[in-house]
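All remarks here apply to the structure that follows.
Only heavy atoms go into these numbers, but all of them, side chains included; no hydrogens, no water, no symmetry mates. No experiment lies behind these values; they were computed from the predicted model shown.
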Amino acid sequence: LKKCLPFLLSAIVLSGCGAGTANSKASDSGGNTVKIACVGDSITYGAGVLGHRRSQSYPAYLQENLGEKYQVLNYGLSGRTLMDEGDVPYRSEKLYQKSLDAKADIYLLMLGTNDAKDYQWDEDAYAKEIKDFVEAYQTAAPQAKIYLMQPPQAFSTQKDGSIKYGIQDAVIGGQMY
């Protein structure tokens, strides 16, 4: 999966830009570089890639695979939640406003892993807040293509079979989006 993810993301982005043919340009209508803003939690940030987040996070892989006609920006912050009642809400961070101000051509939004913790998951609140979150980007950059990305499956790394931090994989796989 690690080797397939960059190519899958690249295919999604290229299909969204109409850049799937050899003669097409990967630029906006003005001939400029296509700006992609990756917004999310530690998965986007690149936590856990052994000090190489600038080269091994998924936004870095995306940049590498798409090339110089694209500018991929990483707006990931570890431990952040989509829900305002979560541990550390993404919307309370300065980087949230910076991501809105980026006026990107494409937004890849992936928050939810930290919301899926057993002590804070609220399906109704999440549904409302994901809608509000997307609408904020639609308002900030009406021309942008916005993609909601499903957080990846959470795996147990604990001896007792539980998932670290109380993250519920059943929530990620069945109650989001």
Can you name the closest pair of heavy atoms from [X] and [Y] and give their distance?
X      : Y      : result
Val72  : Pro59  : CG1-O, 3.4 Å
Pro89  : Asp84  : CG-O, 3.2 Å
Gln150 : Met110 : O-SD, 3.7 Å
Gly112 : Tyr126 : CA-OH, 3.8 Å

Using modelled atom types only, decide if a donor and an acceptor are shared between the side chain of [X] and the backbone of [Y] within a distance under 3.5 Å.
X      : Y      : value
Gln63  : Gly67  : yes
Gln138 : Ala144 : no
Gln120 : Gly86  : no
Gln71  : Lys35  : no
Asp41  : Thr81  : no
Lys164 : Gln158 : no
Thr33  : Tyr70  : no

Is a side-chain donor-acceptor pair under 3.5 Å present for Tyr90 with Asn114?
-> no
Give a yes or no on whether Glu135 atom CD has more than 12 heavy-atom contacts from other residues, nucleotides or ligands under 6.0 Å away.
-> yes
What do you reckon, is NZ of Lys98 surrounded by more than 12 foreign heavy atoms closer than 6.0 Å?
-> no
Leu77-Val88 co-clustered via ILVMFWY side chain contacts under 4.5 Å = no
Is the closest side-chain heavy-atom distance between Phe155 and Ile163 below 4.5 Å?
-> no
Assess the pair Tyr96 and Phe133: is the distance between their ring centroids shorter than 6.0 Å?
-> yes
Between atom CG of Asp169 and atom OG1 of Thr113, what is the distance when rounded to the nearest 0.5 Å?
-> 9.5 Å
Pairwise distance OH(Tyr107) to CE(Met149) - rounded to 0.5 angstrom = 15.5 Å
